[in-house]
Amino acid sequence: MKKIARRSVEHWTNSDVFLSDIDFLVIGGGLVGAASAWHLASAGTKVWLCEQASPGHGASGQNAGSLHFQIERRFLEREDGVGREGEQTAQLSRLAVQDWRDLERQIGRNLGVHMEGGLMVAHSAQEVRLLETKAAREQAMGLAVETIDRAQVQALAPYLSPDILAANFMADEGHADARIIAPAFADAAQSAGARLLDATRVASLQKRGALFEARLEKGEEIQTVTAAKVLICAGIWSPQIAAMAGLHLPLFPAPLTMNATARTAAFLPYLIQHVGRRLSIKQTAAGNLLIGGGWPSRLHRTGSGFDFSRAPALVPQSLTGNLQTAVETMPVIGEHELLRSWTGITAVTQDQLPVAGEFPSLPGLFCAAGGSAFTLGPTFARLVADQMLERRRDEADALLSVASPARFESLNGFMGR
């Protein structure tokens, strides 16, 4: 990679604006941003990781930590069933299985990764047919998914409802501790030489010649930096950052609800999902049962839109609906006390696919955000870092083609760049 001349800046100032040339600026300290900074710094480049709060403060630390490598229910609801995009996402899932299995060794820390299997269950004959179709597609993509009948489900997980007719079982699924993943990556990035700028807001971003110029603000302190390439990993704030550079990034807020029971003795080694209902259940190392699955919460409104700085409000119908679905799938959950419920905001596109890769209309600007950013996060980070480093670029481009920002080029063609 071509190196650029630099003048390093060691201190912030209240009165002056300094210029510092770096290789890469990563905006957003969630899982993908922190992991990308780690990969980039490990390659010997100069990287700054800019986070408006602290690593893992946003969706990366608010989700329930599911590692769901089976094709998701949201793809199964489409008119074309398990479509081409679902199959391409399954290809990324195959890579993500290996990335997660090797992560703790690479980072050198316990990340709470448990991959002992996952069950996606069905209550009706129609849902069973969907499971069988899904499993056939997944097997063709190299995912080790098998359909098991009612008796096999009960033998494997006797605590599940006897009304469950079948399930897809995948031995590689599981969960990780979402609260510690992003901070662990941020620590690893710093150990590799990256600079972490926490509590720092990006006030402007624009391309000047061959470089990107970003104005960074930490309270009243101001710093300007130029970078050869920029990666936007700011979750629901990503569209605002992209707009500073003059690009549309059509990500929309999806406020969700999660629940946790009081601790209980370990009995659930698997990730439980439902093929036809919004549901995910897993048990933490501490013994809490985490219950989620995509039930909405409510965003707070402002005069011109939504306030992403506030946690969404809990919707009572989502709470009761989620818990009822959980009890109907796993009756024993009804015996456990609900400890707490919380909300968070993730970002989704209209086509329900993530965004990962380079903007064709603005070379050097990359993005990694949107759906599946926890399960596929380490893989997105590795592949986007390869793109930015021009390392195995053709392979990375092909693998990320399903998520490429290129699908938004028809929108950005009107931006008059």
Side-chain angles (χ1 to χ4, degrees), residues 26 28 30-39 56 58-75 82-103 106-107 111 113 115 118 120 138 141-145 170 172-178 181-182 184-185 231-236 238 251 254 256 271 273 280 292 294 346-349 351-358 366-388 395-405 407:
V26 180
L31 188 163
V32 181
S36 298
W38 170 57
H39 283 291
S60 291
Q62 295 169 349
N63 72 91
S66 297
L67 302 179
H68 47 79
F69 302 113
Q70 296 186 55
I71 294 175
E72 296 180 66
R73 182 187 61 82
R74 58 197 171 106
F75 290 118
V82 185
R84 180 182 63 86
E85 294 89 351
E87 291 183 345
Q88 289 180 285
T89 303
Q91 192 171 28
L92 289 170
S93 293
R94 190 178 69 239
L95 299 176
V97 168
Q98 297 306 316
D99 284 337
W100 276 104
R101 286 204 178 279
D102 200 35
L103 203 55
Q106 290 185 319
I107 295 291
L111 303 175
V113 178
M115 298 172 66
M120 184 176 287
E138 288 166 325
M141 293 300 299
L143 292 176
V145 178
M170 183 175 181
D172 294 311
E173 289 192 307
H175 55 89
D177 191 338
I181 299 291
F185 270 124
L231 173 59
I232 302 172
C233 299
I236 194 54
S238 296
L251 284 171
L256 300 175
L271 168 67
Q273 300 177 89
S280 68
T346 189
V348 297
T349 57
D351 59 13
Q352 296 286 296
L353 294 168
V355 185
E358 187 174 24
F366 296 75
C367 180
S372 302
F374 189 83
T375 295
L376 301 181
T379 303
F380 286 152
R382 176 171 61 83
L383 294 175
V384 172
D386 282 348
Q387 290 180 322
M388 298 177 74
E395 178 184 356
D397 286 349
L399 290 167
L400 290 177
S401 61
V402 67
S404 173
R407 66 188 193 272

Exercise. Quick one: do L103 and F185 satisfy side chain to side chain contact (heavy atoms under 4.5 Å, CB included)? Show the steps, please.
Key: CA-CA 10 Å; L103 203 55; F185 270 124; 3.5 Å; yes
Self-check item: Check against side chain to side chain contact (heavy atoms under 4.5 Å, CB included), L95 and R382
Solution: CA-CA 11 Å; L95 299 176; R382 176 171 61 83; 4.0 Å; yes
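Counting heavy atoms from C-beta on, the side chains of I71 and T89 never come closer than 4.5 Å. In this structure, the side chains of Q62 and L256 stay at 4.5 Å or more apart for every pair of heavy atoms. In this structure the side chain of Q387 reaches within 4.5 angstrom of the side chain of D397, judged on heavy atoms. The closest side-chain heavy-atom distance from L353 to R407 is below 4.5 Å. At least one side-chain heavy atom of T375 sits under 4.5 Å from a side-chain heavy atom of H68. P354 places none of its side-chain heavy atoms less than 4.5 Å from the side chain of T349.
For the pair A182 and G30, the tightest heavy-atom approach, listed with the atom from each and the gap, is CB-C, 3.7 Å. Across F366 and E358, no two heavy atoms sit closer than the pair CE2-CB, 3.3 Å. Residues E173 and G118 approach most closely at OE1-CA, 3.4 Å, considering heavy atoms. In terms of heavy-atom proximity, A176 sits nearest to L111 at CB-O, 4.0 Å. Shown here for G357 and P405, the closest heavy-atom pair between the two residues is O-CG, 3.6 Å. Minimum interatomic distance between D172 and F69 (heavy atoms only, all atoms of both residues): O-CE1, 3.5 Å.
One N or O on the side chain of N63 and one on the backbone of A59 form a donor-acceptor pair closer than 3.5 Å. In this structure, the side chain of S60 engages the main chain of L31 through a donor-acceptor pair within 3.5 Å.
Expressed to the nearest 0.5 Å, how far CG of L376 lies from CH2 of W100 amounts to 10.0 Å. Rounded to the nearest 0.5 Å, atoms CG (L383) and CG (L400) are 4.5 Å apart. Put simply, CE on M170 and CD on Q273 are 10.5 Å apart, with the number rounded to the nearest 0.5 Å. The line from CG of L231 to CE of M388 is 5.0 Å long, rounded to the nearest 0.5 Å. Note that the CD1 atom of I236 and the CG atom of L251 stand 6.0 Å from one another [nearest 0.5 Å]. S280 OG to L67 CG: the interatomic distance, rounded to the nearest 0.5 Å, is 11.5 Å.
Not a single salt bridge (Lys or Arg N to Asp or Glu O under 4.0 Å) links R94 to another residue, sequence neighbours left out. Judged as a salt bridge (Lys or Arg N to Asp or Glu O under 4.0 Å), and not counting sequence neighbours, the contacts of D386 are R391, R392.
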